[in-house]
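In what follows, chains carry the letters A, B, and so on, assigned in the order in which the sequence lines appear, proteins first and then strands, with residues in each chain numbered from 1. Keep in mind it's a predicted model, so treat the numbers as computed, not measured.
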Amino acid sequence: MRWSKLFIPTLREDPADAEVISHKLLVRAGYIRQLGAGIYNYLFLAQRSINKIIAIIRQEMDAIGAQEMYLPGLNPAEVWQESGRWDVMGQNMFRLKDRFQRDLCLGMTHEEVMTAIARGELRSYKQLPQIWYQIQTKFRDEPRPKSGLLRVRQFIMKDSYTFDMDAGGLDRAYDLHYQAYCKIFDRCGLEYTSVEAHSGSMGGSQSREFMVRCEAGEDYVVLGPKSGYSANLEMAVSNPVPAAAPDPDGELAPEEFHTPGRKTIAEVAAFTGLPETSQIKSLVMTSDGKPALCLLRGDHQLSETKLTGVLGAGEVRPAHPEEIRDWFGAGAGSLGPVGVSNMRVLADTALQGRRNMICGANRDDYHLRNVTPGKDFQCQWADLRQVAAGETHRETGETLEVHKTVEIGHIFKLGYKYSESMGLRVLDESGKEVTPIMGSYGIGVERILSSAVELYHDKDGIVLPAAIAPFDVVVTPVNNADAAQREAAGRIYAECKAAGLDALLDDRDERPGVKFKDADLIGIPYRITVGKKLAGGQVELVERKGKKSQDVAVDGAAEAVRGMVAL
RNA sequence: CGGGGCGUAGCGCAGCCUGGUAGCGCACCUGCCUUGGGCGCAGGGGGUCGUGAGUUCGAAUCUCGCCGCCCCGACCA
C-alpha cells in the first residue's frame with residue numbers, strides 16, 4: 001500500500017490523558033483513538049494488527065478441532081437468569097430494555113448462550129466431545145476503565161467452550177486449549193507465564209491464567225523461578241517470614257492498656273515498641289449481611305478471594321464504621337476477638353501457635369496484651385493471608401517474587417455449573433440421561449496488542465513482533481522526487497508484495513527524517529531505505545528492533561526481508 | 001461510590017487570580033526553498049472558550065447546576 005493514500009494519523013506529542021506506555025504509543029502511532037471512557041476506535045493500523053492476531057488464533061483453534069461460530073452480543077435476560085448470573089454479575093453487566101420493557105443485556109461472556117445452543121441440539125454421547133468458539137465483542141461496565149486498551153468496556157475476545165461426557169474428556173479439552181494457547185502466544189511473539197488462578201464468577205474447579213509481566217498490569221502473580229511455582233496472588237500460598245520478635249513466655253492473662261489515639265497497626269507498634277508481627281490484626285468483613293471477624297498477623301494482608309472461599313458466600317465487603325460500632329461498641333482501630341460471640345471468628349493459620357499477642361480491646365483507645373489464640377478466644381483456622389514478596393515457597397523454601405501482570409488468556413474447567421443449571425442432558429451408551437461437563441477458555445485480543453507494546457518498545461516508538469505488526473516492511477525512498485530512487489523503491493515494493501510480504505511504500509513527499517520517525521513510531525519490523533547508495537546498486541535494510549542496518553543489493557532486497565520475516 | 005485534577009483550533013498548551021472584541025507551538029492550506037532523522041522563509045484558513053442558568057453595561061475569566069475525560073482511593077481500621 002502507498003503511505004500517501006493511507007490514514008495513519010501519527011502525533012508528535014503524547015496525548016494528555018494517557019498514562020501507560022502502550023496507551024501513549026498506540027495513540028501517537030495512529031493505531032487508536034478514544035471515543036469515550038474505555039471505548040476506543042481501532043483505526044487502520046490497529047485493525048491490521050488485530051486481524052493478524054485473530055488469524056493466528058483461528059489457525060490454532062481450528063488445529064485442535066474447534067468450530068467457529070458467531071453468537072449475539074445482545075442477550076435476552078432469561079438465559080442469564082437461568083444460570084443465576086443475572087444477579088451475580090451486578091453492576092459490571094450492561095443492561096437495557098427493549099421497546100416492550102423486556103430486559104436485555106450486552107454479553108460479558110457466552111457460557112449461557114453456548115449452553116442454550118447445546119441443550120437444544122445435543123442429544124447423544126455420540127455427538128460429544130464438542131469444541132465451539134467465537135471471536136466476538138464483549139461488553140463490561142468496568143467501574144474504572146483505564147490504561148488505554150488494557151482495561152476497557154468493549155473489547156474483542158476469543159472465547160471457546162467444550163462439552164464432554166466426563167472429567168477425563170474435560171481434562172483432554174483443557175489440555176488441548178493449554179497447548180493451543182501456548183502456540184498462539186508464542187506465535188504472537190509474547191513473553192508470558194501461566195499461573196494457577198481463581199475462577200471468580202465463572203464457577204468451576206481448575207483454571208490457569210496466561211499473564212504478561214509489565215508495569216501497567218493490574219493483576220499480581222507470585223513466582224518461584226527455581227521451583228517453577230506460579231500462581232495468581234489470589235490463590236498463592238507461602239510460608240510467612242518469621243515474627244520479628246519472640247512471644248513473651250508463660251501463661252499470661254490478657255491485660256487492658258490505654259492506647260490513646262493509636263488506631264493503626266503501625267501506630268500501636270510504635271506506641272508499644274513491639275513489631276507489627278506481635279499484633280493481631282482484626283478486620284470486620286460482611287457477606288450476605290452477616291459479619292465475620294478476620295484475624296491476621298499485624299503485618300499480613302487479608303485475601304478477600306480466600307475469605308470468600310472460606311465463607312462460601314457471595315460478595316464480601318468490609319463492614320461500614322456504623323456497623324462496626326453496632327457490633328463491637330468500639331470503633332475500628334480498637335477491635336479484637338476477645339469476648340466476641342455474636343459472629344464467626346476466623347483466624348489465619350499464621351497465628352497458630354502464637355501466644356501473648358496484642359490486639360484491640362473492643363473499647364475505644366484501649367488494647368489488650370497477652371492474648372493467646374485458642375486460650376483467650378476461640379476461632380476457626382483458615383488460610384486468609386495474601387502472599388507478599390519475600391515470603392518463601394512451602395516446599396523448597398525458595399524466596400517468592402510478586403510481579404504485576406496483564407491477563408491475556410484464561411482457561412477454566414467449568415464443571416457442571418451451566419450444563420446443570422440450564423438443563424443440558426444427553427443420553428449415554430446405556431440410554432441413561434447424563435449431564436455433560438464443560439470448560440471455557442478466553443483470550444483478550446486487544447490485550448495481546450497492548451501487552452506486546454508494553455513489552456516491546458523503545459524511545460522511538462513501538463517495536464512489534466513481525467507476526468502481529470500491521471506491515472512486515474516499509475520501503476522508503478529518501479527523496480521521492482528523485483526519479484531513480486522512486487523507481488527503485490517502487491520495484492522493490494512490488495517484489496516484496498510478490499514475495500508474500502505485507503509491504504508499505506512510503507511515497508509521501510516528506511523529508512527523510514519525517515518518514516524515518518513515522519516508520520519507527522508505528523513499529524514496522526523492517527525498513528528498506530533507498531538513498532544515495534542506489535548509485536552503487538545498494539539499498540539499506542534496517543531492522544526496527546535494535547536498529548541494525550545492512551547494505552543489500554537492490555535486486556536481493558525483497559528476498560532478504562522475506563528471509564528475515566520467516567513467514 | 002469517595003477524593004483530586006482537567007475541559008480554550010485537529011493535537012499539546014497559555015490566557016482566568018485582577019471581567020473589556022482569544023493567543024502560542026505543532027499540524028493543515030498556498031508559494032518558494034530543501035531532501036539521510038520530525039528542514040527554512042513568506043503568506044493564509046480554522047475556535048458557539050464542554051453545557052445551561054445567574055451576576056454585570058460587558059463573562060473564556062466571577063457564581064451555581066449539569067455533562068464529559070483523566071488520576072488516586074474504594075480491605076488492612
Side-chain angles (χ1 to χ4, degrees), chain A residues 7 9-20 23-24 27-28 30 33-40 90-91 143-148 151 234 259 261-268 276 279-287 292-308 315-321 323-325 328 330-336 348 359-360 362 364-365 367 384-386 388 459-461 476-482 485-486 506 508-521 527 529-534 539-540 542 547 549:
Chain A
F7 179 58
T10 58
L11 263 27
R12 212 177 269 244
E13 293 166 278
D14 282 338
D17 53 9
E19 199 77 6
V20 305
H23 187 192
K24 287 180 182 171
V27 172
R28 271 194 64 204
R33 286 294 185 265
Q34 183 170 10
L35 184 62
I39 310 174
Y40 285 85
Q91 297 274 113
R144 188 143 95 82
K146 59 190 285 199
S147 309
R151 182 174 290 287
E234 295 179 322
T259 49
R262 274 64 174 196
K263 293 185 185 303
T264 67
I265 295 288
E267 285 164 359
V268 174
E276 297 189 356
Q279 291 183 53
I280 298 173
K281 178 186 281 189
S282 305
L283 305 175
V284 188
M285 305 295 290
T286 87
S287 71
L293 181 62
C294 303
L295 306 177
L296 293 148
R297 199 171 84 183
D299 60 317
H300 288 159
Q301 312 285 328
L302 174 68
S303 164
E304 279 197 25
T305 308
K306 290 180 180 178
L307 175 63
T308 305
E315 214 161 284
V316 168
R317 65 164 172 83
H320 301 311
E323 293 172 328
I324 292 176
R325 174 82 40 200
F328 289 85
S334 304
L335 301 183
D348 181 65
C359 65
N362 295 328
D364 283 338
D365 292 332
H367 280 73
L384 298 176
R385 182 175 60 88
Q386 187 170 83
K459 65 172 174 46
D460 293 313
T476 307
V478 168
N479 180 2
N480 201 50
D482 180 302
Q485 285 187 20
R486 189 171 60 240
D506 194 350
R508 293 177 298 168
D509 183 21
E510 289 285 357
R511 293 178 59 83
V514 173
K515 293 189 272 198
F516 296 156
K517 288 285 185 194
D518 274 344
D520 287 349
L521 179 60
R527 185 180 80 217
T529 307
V530 181
K532 58 192 171 208
K533 292 172 190 162
L534 181 64
V539 293
E540 273 168 51
V542 186
K547 299 280 179 64
S549 172

Could you tell me which nucleotide pairs with B/C57 by Watson-Crick or G-U wobble geometry, both distances under 3.5 Å, or answer none if nothing does? B/G20
What about A/Asp14: does its side chain form a donor-acceptor pair under 3.5 Å with the base of B/G12? no
Of A/Leu295, A/Leu307, A/Thr305, which meets side chain to side chain contact (heavy atoms under 4.5 Å, CB included) against A/Leu384? A/Leu307
Using only side-chain N and O atoms of A/Lys146, determine if any of them is under 4.0 Å from OP1 or OP2 of B/C72. yes
At under 4.0 Å between heavy atoms, what does A/Lys263 touch on the DNA or RNA strands: base, sugar-phosphate, or nothing? sugar-phosphate
Nearest to the side chain of A/Ala37 - B/C69, B/G37, B/A77? B/C69
Pairing partner of B/U34 (Watson-Crick or G-U wobble, both distances under 3.5 Å): none
Expressed in whole Å, how much space separates the P atoms belonging to B/U21 and B/C67? 33 Å
Given A/Glu510 and A/Asp518, is the side chain to side chain contact (heavy atoms under 4.5 Å, CB included) satisfied, shown in steps? CA-CA 11 Å; A/Glu510 289 285 357; A/Asp518 274 344; over 6 Å; no
Candidate nucleotides B/C75, B/G36, B/U35, ranked by approach to the side chain of A/Asp509 - the nearest: B/U35
Assign A/Ser334 to base, sugar-phosphate, or nothing according to its heavy-atom contacts below 4.0 angstrom with the strands shown. nothing
Base, sugar-phosphate, or nothing for A/Lys515, non-hydrogen atoms under 4.0 angstrom? nothing
Closest to side chain of A/Pro318, choosing from B/G36, B/G38, B/C75: B/C75
Between B/G38, B/U34, B/C69, which one does the side chain of A/Arg12 approach most closely? B/G38
Between B/A22 and B/G68, how far is it from one C1' atom to the other, in whole Å? 23 Å
Any donor-acceptor pair under 3.5 Å between the side chain of A/Asn479 and the base of B/G36? no
Could you tell me whether A/Arg527 contacts a base, only the sugar-phosphate backbone, or nothing, with contacts defined as non-hydrogen atoms closer than 4.0 Å? base
Taking any heavy-atom pair under 4.0 Å as a contact, classify A/Leu296: base, sugar-phosphate, or nothing. nothing
Using a cut-off of 4.0 Å on non-hydrogen atoms, how would the nucleic acid contact of A/Glu540 be classed: base, sugar-phosphate, or nothing? base
Need one value for A/Pro512: base, sugar-phosphate or nothing, where a base atom within 4.0 Å counts as base even if backbone is also close, heavy atoms only. base
Choose from B/C72, B/G36, B/A77 the nucleotide whose nearest atom is closest to any side-chain atom of A/Thr529. B/G36
Give the rounded distance in Å between these two atoms: CZ of A/Arg144 and C1' of B/C70. 9 Å
Looking at the side chain of A/Arg511, which of B/G36, B/C39, B/C75 is the nearest nucleotide? B/C39
Note: A/Arg527-A/Asp506 ion pair, threshold 4.0 Å (strictly below): no
For A/Arg28, is there any backbone N or O sitting under 3.5 Å from a side-chain donor or acceptor partner on A/Thr10? no
Taking N and O atoms by type only, does the side chain of A/Glu510 place a donor or acceptor under 3.5 Å from a partner on the base of B/G38? no
Let me know the distance between CZ of A/Arg508 and P of B/C28, rounded to the nearest Å. 10 Å
For the C1' atoms, the ones on B/U48 and on B/G4, what distance do you get once it is rounded to whole angstrom? 30 Å
P-based separation of B/G25 from B/G44 [nearest Å]: 14 Å
Under a 4.0 Å threshold between the charged nitrogen and the carboxylate oxygen, would A/Arg325 count as salt-bridged to A/Asp364? yes
Mind checking who B/U51 pairs with, Watson-Crick or G-U wobble, both distances under 3.5 Å? B/G65
Specify the residue among A/Thr264 and A/Ser147 whose closest nucleotide of RNA chain B lies further upstream toward the 5′ end. A/Ser147
Taken to the nearest whole Å, CD/A/Glu19 to P/B/C70 is 11 Å
Looking at A/Arg33 and A/Val27, would you say the former's side chain and the latter's main chain have a donor-acceptor pair under 3.5 Å? yes
Taking atom types as they are modelled, is there a donor-acceptor pair under 3.5 Å from the base of B/G25 to the side chain of A/Glu13? yes
Assign A/Asp482 to base, sugar-phosphate, or nothing according to its heavy-atom contacts below 4.0 angstrom with the strands shown. nothing
5'-most contact on RNA chain B: A/Ala266 or A/Ala481, nearest heavy atom basis? A/Ala481
Side chain of A/Leu11 (C-beta onward), nearest among B/C71, B/G36, B/C11: B/C11
Quick one: is A/Gln34 getting a side-chain N or O under 4.0 Å of the B/C70 phosphate, OP1 or OP2? yes
Which of B/G12, B/C75, B/G36 is nearest the side chain of A/Ala16? It is B/G12
Rounded to the nearest angstrom, tell me the gap between atom NE2 in A/His23 and atom P in B/C69. 13 Å
Separation of B/C75 C1' from A/Lys306 NZ (nearest whole Å): 15 Å
Check every atom of B/A74, B/G37, B/C75 against the side chain of A/Phe516 and return the nucleotide holding the closest atom. B/G37
Taking any heavy-atom pair under 4.0 Å as a contact, classify A/Arg317: base, sugar-phosphate, or nothing. nothing
If you look at every strand shown and take non-hydrogen atoms under 4.0 Å, does A/Arg28 touch a base, only sugar-phosphate, or nothing? base
